[in-house]
Amino acid sequence: MDRKRHVIIVSENPYYRAVFRETLVDAGFSVDDQVTAPGLEERLRLAQATSLLLLDGDLTDTTAPQLLRQIYQSGVAPPNLRTVCLVDRNVNSYGLGELKDAGFSGIIPLNATPELIVFRVNDLIFSVEVKQWRNLRAPVSITSEVRLGNVLVNGL
């Protein structure tokens, strides 16, 4: 299992679990969506290859920030684990602060389009590699000629 491509989804809503699972599986990710809040610690112990955890912000027995704090305090979170809170409404600034303080890397709306889901997940998981790629680029200048009607324009 490719560590960078393993995602765990914790949500009590079967519709949103299915939407996120299908979207991410179609994008080449390995997805575990049959995890409950009480079983999350044990699942993370068994799946140290997990790189992303999607937690529904609307859990019945606990809140997403409480669950995330519990995971980090127990020491079962894999290294470099990214965490995203799935939100179903606008989060006010207090709510965003609480999510950030708990350790969430970001949020994704539950009603996000598949394109947005894949974009956000790729951005969170692969952001370090993208930054390295940008640093490896070298400036290049290419001379070109462009013809606009009868006029020939030279440039870099």
Side-chain angles (χ1 to χ4, degrees), residues 1-140:
M1 172 184 349
D2 182 3
R3 182 210 169 303
K4 292 183 180 180
R5 295 226 167 246
H6 188 255
V7 178
I8 292 178
I9 301 171
V10 178
S11 176
E12 296 167 357
N13 186 317
Y15 172 76
Y16 289 119
R17 275 198 326 258
V19 167
F20 277 79
R21 178 190 63 238
E22 294 304 317
T23 299
L24 294 173
V25 166
D26 286 348
F29 290 89
S30 165
V31 178
D32 186 353
D33 70 331
Q34 298 299 314
V35 180
T36 61
L40 181 57
E41 280 188 47
E42 183 60 28
R43 184 64 185 123
L44 286 172
R45 278 189 191 93
L46 298 173
Q48 285 293 303
T50 302
S51 60
L52 183 67
L53 177 61
L54 302 177
L55 292 178
D56 193 336
D58 191 23
L59 299 170
T60 56
D61 295 335
T62 187
T63 66
Q66 288 172 339
L67 183 58
L68 186 60
R69 285 186 188 104
Q70 178 184 340
I71 295 304
Y72 284 131
Q73 289 171 356
S74 67
V76 298
N80 301 318
L81 178 69
R82 300 278 194 257
T83 53
V84 173
C85 188
L86 305 176
V87 295
D88 64 350
R89 60 189 180 284
N90 290 334
V91 180
N92 60 25
S93 59
Y94 174 75
L96 284 175
E98 183 182 3
L99 295 175
K100 188 175 181 180
D101 291 343
F104 280 98
S105 306
I107 63 171
I108 298 177
L110 282 169
N111 62 352
T113 63
E115 293 82 9
L116 178 61
I117 293 169
V118 172
F119 175 79
R120 291 288 292 136
V121 168
N122 280 331
D123 185 49
L124 286 164
I125 294 177
F126 301 110
S127 63
V128 172
E129 287 87 352
V130 170
K131 289 176 186 170
Q132 289 173 346
W133 294 337
R134 288 183 184 147
N135 294 338
L136 294 176
R137 294 180 181 170
V140 175

Whether the side chain of Glu42 engages the backbone of Gly39 through a donor-acceptor N/O pair (distance < 3.5 Å, no angle test) should be reported.
no
Quick one, Val84 and Arg120 - any side-chain contact, counting heavy atoms below 4.5 Å?
no
Are Phe20 and Leu110 side-chain neighbours, meaning at least one heavy-atom pair lies under 4.5 Å?
yes
Reference residue Leu24; test side chain to side chain contact (heavy atoms under 4.5 Å, CB included); the match among Val19, Leu52, Val121
Val121
Exercise: identify the closest heavy-atom pair between Cys85 and Leu99:
SG-CD2, 3.8 Å
Just wondering, more than 12 heavy atoms not from Asp101 lying within 6.0 Å of its CG?
yes
What's the spacing between Thr50 OG1 and Arg82 CZ if we round to 0.5 Å?
14.0 Å
Taking all non-hydrogen atoms of both residues into account, name the closest pair between Ala27 and Arg5 and its distance.
O-NH1, 3.5 Å
Would you say Thr83's side chain and Gly103's backbone share a donor-acceptor pair under 3.5 angstrom?
yes
Surrounding OH of Tyr72 (heavy atoms of other residues, nucleotides or ligands, distance under 6.0 Å), is the total greater than 12?
yes
Quick check: closest heavy atoms across Glu98 and Arg69, and the distance to 0.1 Å?
O-NH2, 3.9 Å
Could you state the interatomic distance from CG (Leu54) to CZ (Arg17), rounded to the nearest 0.5 Å?
13.0 Å
Separation of Leu53 CG from Ile71 CD1 (nearest 0.5 Å)
7.0 Å
At what distance, to the nearest 0.5 angstrom, does CZ of Phe104 lie from CG of Leu96?
11.5 Å
For the student: nearest non-hydrogen atoms of Pro78 and Ala47, plus distance
CG-O, 4.2 Å
To the nearest 0.5 Å, tell me how far Ile108 CD1 sits from Leu124 CG.
6.5 Å
Separation of Ile8 CD1 from Gln34 CD (nearest 0.5 Å)
12.0 Å
Compare all side-chain heavy atoms of Asn122 with those of Phe29 and state whether any distance is below 4.5 angstrom.
yes
Work out which heavy atom in His6 is nearest to a heavy atom in Ala49; give both atom names and the distance.
CB-O, 3.6 Å
Shortest non-hydrogen contact between Val76 and Leu44, atoms and distance
O-CB, 3.8 Å
